[in-house]
Amino acid sequence: MKSRNPVIPQICHDFDIRISRDGTWLHQGNPIKRPELVRLFAGILKRDKEGIYWLETPFERGRIAVEDAPFIIVGFRIESHNQDQRLVFITNTDEEVTLSSQHPLHFTSQGDEAIPYVAMRDGLFARISRPVFYQLVDKAEAIDVGGKTEWQIQSDGYSVSLGRTDEKS
C-alpha cells in the first residue's frame with residue numbers, strides 16, 4: 001500500500017488583504033463587508049515563526065498584512081466553573097478564548113501606553129479593546145503587594161496583574 005504524502009499548500013502571490021489596527025479586514029483597500037467571509041478568512045489565518053501572516057487552505061497559501069493584531073477583543077463573559085471563574089473573551093470575528101495559562105494576557109509598550117493582548121491560536125493574538133479593558137479593571141481584585149495596590153484578575157486557575165497604584169485602596 002502506497003503511503004500518501006501530506007498536501008503542502010503552494011505559496012501564491014501576496015493576497016491584497018490587510019487587517020487594520022481597528023480590526024477591519026480590507027481587500028484592495030476596501031472593507032470586506034460580509035461578516036461571513038471575514039469569519040471564514042479568520043478561521044484559516046495562521047502566523048509563522050517569522051511573524052508573517054498567512055491565509056492557508058490545504059491547497060493554497062497567501063500572505064496578508066496585519067497592522068497590529070488580527071483580532072480585537074470586543075466583549076467577555078464570566079462563567080463559574082467549580083469554585084473557579086473563567087473569563088471568556090469574544091473577538092470581533094465571534095471567536096471565543098478563555099483567559100488561562102494556555103491563553104495568557106500580556107502587555108506590549110507602544111510609546112507611553114501599555115497595550116493588553118491575549119494569546120489565541122496558531123501564534124495569533126487579540127488586542128483587548130479599551131472599553132473591555134476598563135470592564136476587566138472594574139472586575140479586578142485589589143491585592144496589597146509591598147504597600148502598593150495591585151489589581152488582579154483570575155480565570156481558570158490563572159492570575160494576572162492589570163496594574164498597580166502607589167496607594168493602598
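Note that the numbering runs from 1 along the sequence shown for the chain. All heavy atoms count here, side chains included; hydrogens, waters and symmetry mates do not. Treat the numbers as computed from the prediction; the structure is a model and nothing was measured.
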According to the interplanar angle, ranging from 0 to 90°, do the rings of F76 and F89 count as parallel (below 30°), tilted (30 to 60°) or perpendicular (above 60°)?
perpendicular
If I compare all heavy atoms of [X] with all of [Y], which pair ends up nearest, and what's the gap?
{"X": "I19", "Y": "A69", "value": "CG2-O, 4.3 Å"}
{"X": "G62", "Y": "F15", "value": "CA-CE1, 3.5 Å"}
{"X": "S20", "Y": "L26", "value": "CB-CD1, 4.2 Å"}

Rest of the hydrophobic cluster containing V145 (Ile/Leu/Val/Met/Phe/Trp/Tyr, side-chain heavy atoms under 4.5 Å)?
I143
If two hydrophobic side chains count as joined below 4.5 Å and joins carry through other members, does [X] share a cluster with [Y]?
{"X": "I115", "Y": "L136", "value": "no"}
{"X": "I90", "Y": "L124", "value": "no"}
{"X": "V88", "Y": "I73", "value": "no"}
{"X": "F133", "Y": "M120", "value": "yes"}
{"X": "V118", "Y": "F107", "value": "yes"}

I'd like to know if the side chain of [X] and the backbone of [Y] have a donor-acceptor N/O pair within less than 3.5 Å.
{"X": "H103", "Y": "A119", "answer": "yes"}
{"X": "E67", "Y": "R21", "answer": "yes"}
{"X": "S155", "Y": "L87", "answer": "yes"}

Sorted by chain and residue number, the side chain to side chain contact (heavy atoms under 4.5 Å, CB included) partners of L37 (sequence neighbours excluded) come out as I32, R34, L40, F41
Quick one: do S159 and Q152 satisfy side-chain hydrogen bond (donor to acceptor under 3.5 Å, both in side chains)? Show the steps, please.
CA-CA 7 Å; S159 177; Q152 294 185 358; 3.2 Å; yes
Indicate every side-chain donor-acceptor pair of residues 43-51 with a distance under 3.5 Å to a residue at least two apart or in another chain.
residue	atom	partner	partner atom	Å
R47	NH1	G123	O	3.1
D48	OD1	E50	N	2.9
D48	OD1	G51	N	3.1
D48	OD1	I52	N	2.9
D48	OD2	W54	NE1	3.0

Sequence neighbours left out, what pairs pass side chain to side chain donor-acceptor pair (under 3.5 Å) with at least one residue falling in [range]?
{"range": "residues 126-139", "answer": "D68-R127, E113-R130"}
{"range": "residues 23-33", "answer": "D22-T24"}
{"range": "residues 88-97", "answer": "R39-D94, R77-E96, T91-T93, E95-R121"}

Run through I128, D156, I153 and flag the one making a side chain to side chain contact (heavy atoms under 4.5 Å, CB included) with L99.
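When I128, D156, I153 are each tested with L99, the side chain to side chain contact (heavy atoms under 4.5 Å, CB included) holds only for I153.
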Side chain proximity check, Q85 to S80, heavy atoms < 4.5 angstrom
no
Between S161 and W151, is any pair of side-chain heavy atoms under 4.5 Å apart?
no
I would like to know whether D144 and T149 meet side chain to side chain contact (heavy atoms under 4.5 Å, CB included); could you show each step before the answer?
CA-CA 5 Å; D144 179 32; T149 301; 5.8 Å; no
